[in-house]
Structure formats: C-alpha cells, structure tokens
Amino acid sequence: MEFIDYPTLKVVWWLLVGVLWLGFAMTEGFDMGVGMLLPFVGKTDEERRVAINAVAPHWDGNQVWLILAAGAIFAAWPILYATTFSGFYLALMLMLFSLFFRPVGFDYRSKLENKQWRNTWDWGLFIAGVVPPLILGVAFGNLFLGVPFHYDDYLRSFYDGNFFGLLHPFAVLSGLLAIAMFVMHGGAYLMMRSSHDVYARTRQYTQWAALAVAAIFIIEGLWLWLAIDGYVITSVVDQAAPANPLGKTVEIVEGAWFNNYETYPLTMIAPIVGIAAALGTYLMARLNKPGAAFALTTTSMFGIILTGAFALFPFVLPSSTHPGHSLTLWDAASSELTLTIMLFATLLFVPIILIYTVWCYIKLWGTFTVEDIRANEHSLY
C-alpha cells in the first residue's frame, strides 16, 4: 500500500522546498541584515562589536538552511538544479565568493587591534550581507520574466543568455526588495539584542527599510500586473508522469501571473499580509517594540515570498525562448521512490534541527552593550 500518491508527493515537496527557503529567509535574513547595517549602526569599534556579537554565535548554523534548500532542489527537482546552476553559474559563483567573507570576517576581524584591519573586515561582512539577497532576489524576479533556456531530445539543457541579460529592471528591483527585507528583518533582530546608541540607530534604519519593503513590493505588483505577461499550460498534463518537460504546451498570456489569485481567492491573503506586516514593522519600531517588530518582519517576508510562489504555481522555472520547455513541479520532480524516502528523512530530521536551533538561541540569548564588550574583550567576537 503506497504511503502517498505521486502527484501529492510532488505538491508536498513544492511546499517543503518553500519551507526551507522561508527558513533561510528568516534566519539568514537577520544575519545578513545585521551585516548590511554594521558599518552604519556602529560608529565606534565597540559599537560594531555589539552588532557582530548579536549574530556571530549563530550565523554558521543559520547558513545550513541555504545548504538544505539547495540540496533539496538537487534531490527533489534534479533537472531544475542542473538547469539553474548551469545557467546562473556566474551569478551563483559571485554569491559563493561573497559568502567567503563571513567565516573569515567573524573569526579574524577582532584578532588585531588595528583600525584599518577591522574596518576592512566590517565592509567584508557588509558585502557578504548585500550580495546573496541581491542575487537571489534578481534570480527570483527573472522567474516572472522567463529564463532563456531549452532542452534537446536527450533533455540536455542549453542556456541562451548571459549574466547581464539577468539584469532586467524588474529583476533588479526584486533584488532591491530582497535587500530591503533583510535590512528590515536584521534591524528588528538587532533592536532586540542591543541598547543605547546602537539601538537608536538601528531603530531608525528599521523604519526606513520597512517603508521601502512596502513601497517596492507594491510597485513590483503593479509592474507585474500592467507590463509582464505570464505563462499558462494549455495542454493536458499527466501529474503522475515521470520527469519530462517536453510533453506539454505553454502559452504566454497577458495577466496570467494573477490567474491563481482569481482561481483561489484565499491566496490574496499573502500579498495583503506582506504589505500590512511591513507597515506594522514600521509602527512597532517607532513605538519601541522590537519583539513585535521582529514577529512582523518575519510575517512580512513570508507573505511576500508566498505571493511570488502562489503566482508562479505550478511553474518553477519558465523558459522565455521555448515556453513549452518551462519546468513545472509536475514534470521536473524526482521519482516517486526518491521523494518518498526524502519525505521520511525530512519528517525525522527537520524537527530535530528546529529543536536544537531553538535551544541554542534560548541558551545564548541576551542584550549586548558596549560595557559587555569592554568587560569581555577576549571572549567575545
């Protein structure tokens, strides 16, 4: 007796991959957000160390969510993994190289009492905070525009574009939205972990970032509605068939990215929540309620990411040059056996990871001050 049917498994893994990316946005979001704020909220070396110590004990654990998300795509949608990691190779290498600044920045930044040395690594942590969300946001924005790729009869992928072709204004705006979300999220987190001058500066940047998130998200929605055509499957799709993206017909239709919202009105909750929670973050930061602000930044990011996911469903990688070769969750998934084994492993290990992560934050929680840095000169980052 089968545990769960194949089409349902495909949907379940669409949801689980989404959960992993949401986990990345929630945890790495405030890590990278604090990194982006670092040169601006700390006017002295000790103030910057306050910000660094707020995230330094957890950043490497949080980065596991990115590895899990990439690994899940590799196992659940191998053809998607192969196509994106080939077509976006240069962009992904840039993101990877920017991430190199994080371990060396956190570990070596305070080893020397040299102003130039420490400032250099502070800007390195800033770059490691800016580049990943920018590239991921640009990549996500390109999904709505379509990516120039196609397959031959042997399902070998061919990418017909280049790095600069990814820099469409809509995609770049998506990258700026991702940066604004991470700054907003990181600001709310740092408000909970800091005090005095660092807290005051962070509070101001959090308010600005929250307003930027709401404004950019609304602009992107209007742009998508008025000027970007969507993709529609116009042939019958066998949802239980093995992976084969060549067995369907896809047309590009005006306004099609909003079809799911018309078909399933409840999905409209996502964009409404995304905007309302961003504005709520602005209000809570203004009222000096960092805990509520952090909860709302998380809610806003979830709403915004889900808005994009709901609009794209069932597409996971549309093709701008050969629409019929676009990848969907129905024709890009691994075998039923693979998805089933992965599901059991996920149900076993992800709760353990979550419990351990929460325990670490509880044990290491606290507010940092300049006085703490001075009193623990050699035991803090």
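Both the sub-6.0 Å distance and the 45° axial angle are satisfied by Lys10 relative to the ring of Tyr6. Taking the ring centre of Trp365 as origin, the terminal cationic atom of Arg193 falls inside the region bounded by 6.0 Å and 45° from the ring axis.
At a threshold of 4.5 Å between non-hydrogen side-chain atoms, the residues Leu20 and Phe24 do not count as touching. Pro314 is listed as a side-chain neighbour of Ile233, based on a closest heavy-atom distance under 4.5 Å. With contacts defined as side-chain heavy-atom distances shorter than 4.5 Å, the pair Leu112/Arg118 does not qualify. Considering only heavy atoms from C-beta on, Leu99 comes within 4.5 Å of Pro132 through its side chain. Side-chain contact between Ser194 and Phe368 is absent, with no heavy-atom pair separated by less than 4.5 Å. In this structure the side chain of Gln207 never reaches within 4.5 angstrom of the side chain of Met184, judged on heavy atoms. The shortest side-chain heavy-atom distance between Thr234 and Val250 does not fall under the 4.5 Å cut-off. No side-chain heavy atom of Leu190 sits less than 4.5 Å from a side-chain heavy atom of Val55.
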Let me see the working for Val213 and Ile304 under side-chain contact (heavy atoms from CB on, under 4.5 Å), right down to the final yes or no. CA-CA 9 Å; Val213 167; Ile304 290 171; 3.5 Å; yes
side-chain hydrogen bond (donor to acceptor under 3.5 Å, both in side chains) between Thr263 and Asn260: does it pass, once the steps are laid out? CA-CA 5 Å; Thr263 305; Asn260 286 336; 5.2 Å; no
Step by step, work out the side-chain contact (heavy atoms from CB on, under 4.5 Å) result for Leu224 and Glu220. CA-CA 6 Å; Leu224 196 65; Glu220 285 229 300; over 6 Å; no
side-chain contact (heavy atoms from CB on, under 4.5 Å) assessment of Phe30 paired with Asn62: CA-CA 10 Å; Phe30 60 73; Asn62 292 341; 3.8 Å; yes
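Listed for the Thr297 side chain is a donor-acceptor partner under 3.5 Å among the backbone atoms of Phe294. Judged by distance alone, the side chain of Ser300 and the main-chain N or O of Leu296 form no donor-acceptor pair under 3.5 Å. The backbone N or O of Ser319 lies less than 3.5 Å from a partner atom in the side chain of Tyr231, making a donor-acceptor pair. Between the side chain of Trp257 and the backbone N or O of Phe144 there is at least one donor-acceptor pair closer than 3.5 Å. With hydrogens and angles ignored, the 3.5 Å screen pairs no side-chain donor or acceptor of Tyr282 with any backbone N or O of Thr206. Of the possible polar contacts, none joining the Trp59 side chain to the Pro103 backbone as a donor-acceptor pair under 3.5 Å is found. Looking at Tyr189, its side chain does come within 3.5 Å of a backbone N or O of Ala54 through a donor-acceptor pair. Checking side-chain atoms of Asn142 against main-chain N and O of Leu145 turns up no donor-acceptor pair under 3.5 Å. Put simply, the side chain of Arg109 never gets that close to the backbone of Trp121: no donor and acceptor are under 3.5 Å apart. Between the side chain of His322 and the backbone N or O of Gly324, no donor-acceptor pair lies under 3.5 Å.
In the hydrophobic clustering, Tyr199 connects to Met191, either directly or through intervening members, whenever side-chain heavy atoms lie under 4.5 Å apart.
Atom CZ of Phe85 sits in a crowded spot, with more than 12 heavy atoms from other residues, nucleotides or ligands closer than 6.0 Å. Environment of CH2 in Trp225: sparse, with no more than 12 heavy atoms of neighbouring residues, nucleotides or ligands closer than 6.0 Å. Around atom CZ of Phe100, more than 12 heavy atoms belonging to other residues, nucleotides or ligands sit under 6.0 Å away. In this structure, Arg374 places its CZ atom where more than 12 heavy-atom neighbours from other residues, nucleotides or ligands lie under 6.0 Å away.
Scanning all heavy atoms of the two residues, the minimum distance from Leu364 to His58 falls at CD1-CE1, 3.6 Å. The two residues Ala178 and Pro133 have their closest heavy-atom pair at CB-O, 3.2 Å. Closest approach of Leu176 to Leu134, counting heavy atoms only: N-CD1, 4.4 Å. Pairing each heavy atom of Ser326 with each of Pro245, the nearest pair is O-CB, 4.1 Å. Summarising the geometry of Thr307 relative to Gly303, their closest heavy-atom pair is OG1-O, 2.6 Å, with the distance given to 0.1 Å. The shortest heavy-atom contact between Trp13 and Ala72 is CZ3-CB, 4.3 Å.
Ion pairing of Arg201 with Glu47 is present here, as a side-chain N (NZ or NE/NH1/NH2) and a carboxylate O approach within less than 4.0 Å. Looking at Lys115 and Asp45, no side-chain N of the basic residue comes within less than 4.0 Å of a carboxylate O on the acidic one, giving no salt bridge.
Tyr205 meets the side chain to side chain donor-acceptor pair (under 3.5 Å) test with no other residue; sequence neighbours excluded. With sequence neighbours left out, the salt bridge (Lys or Arg N to Asp or Glu O under 4.0 Å) criterion links Asp153 to no other residue.
One hydrophobic cluster, built from ILVMFWY side chains closer than 4.5 Å, holds both Val147 and Leu90. Leu92 is connected to Leu167 through a chain of hydrophobic side-chain contacts under 4.5 Å among Ile, Leu, Val, Met, Phe, Trp and Tyr, so both are in one cluster. Side-chain heavy atoms closer than 4.5 Å link hydrophobic residues (I, L, V, M, F, W, Y) into clusters, and following such links, even through other members, never connects Val273 to Leu15. Note on Leu226 and Phe217: same hydrophobic cluster, where clusters join Ile, Leu, Val, Met, Phe, Trp and Tyr whose side-chain heavy atoms are under 4.5 Å apart, directly or indirectly. Clustering ILVMFWY residues whenever any of their side-chain heavy atoms sit less than 4.5 angstrom apart, transitively, puts Met301 in the very cluster that holds Leu354.
Aromatic ring centres of Phe149 and His325: separated by at least 6.0 Å. Ring centroid separation for the pair Trp14 and Phe313 comes in under the 6.0 Å cut-off. For Phe97 and Phe101, the ring centers sit 6.0 Å or farther from each other.
Note on residues 234-256: pairs passing salt bridge (charged side-chain N to carboxylate O under 4.0 Å, His left out), not counting sequence neighbours, are Lys248-Asp331. Counting only residues at least two apart or in different chains, salt bridge (charged side-chain N to carboxylate O under 4.0 Å, His left out) contacts with residues 24-38 comprise Glu28-Arg102, Asp31-Arg102. Residue pairs meeting the side-chain hydrogen bond (donor to acceptor under 3.5 Å, both in side chains) criterion with at least one member in residues 82-93, sequence neighbours excluded: Thr83-Tyr151.
The distance from atom OH of Tyr356 to atom OH of Tyr361, rounded to the nearest 0.5 Å, is 11.5 Å. One finds the NE2 atom of His150 at 7.0 Å from the OG1 atom of Thr321 (value rounded to the nearest 0.5 Å). Rounded to the nearest 0.5 angstrom, Leu68 CG and Leu16 CG are separated by 11.5 Å. Rounding to the nearest 0.5 Å places CG of Leu339 at 11.5 Å from OG1 of Thr8. Atom-to-atom distance recorded for Leu312:CG and Leu329:CG is 11.0 Å, nearest 0.5 angstrom. The CD1 atom of Ile362 sits 10.0 Å away from the CH2 atom of Trp359 when rounded to the nearest 0.5 Å.
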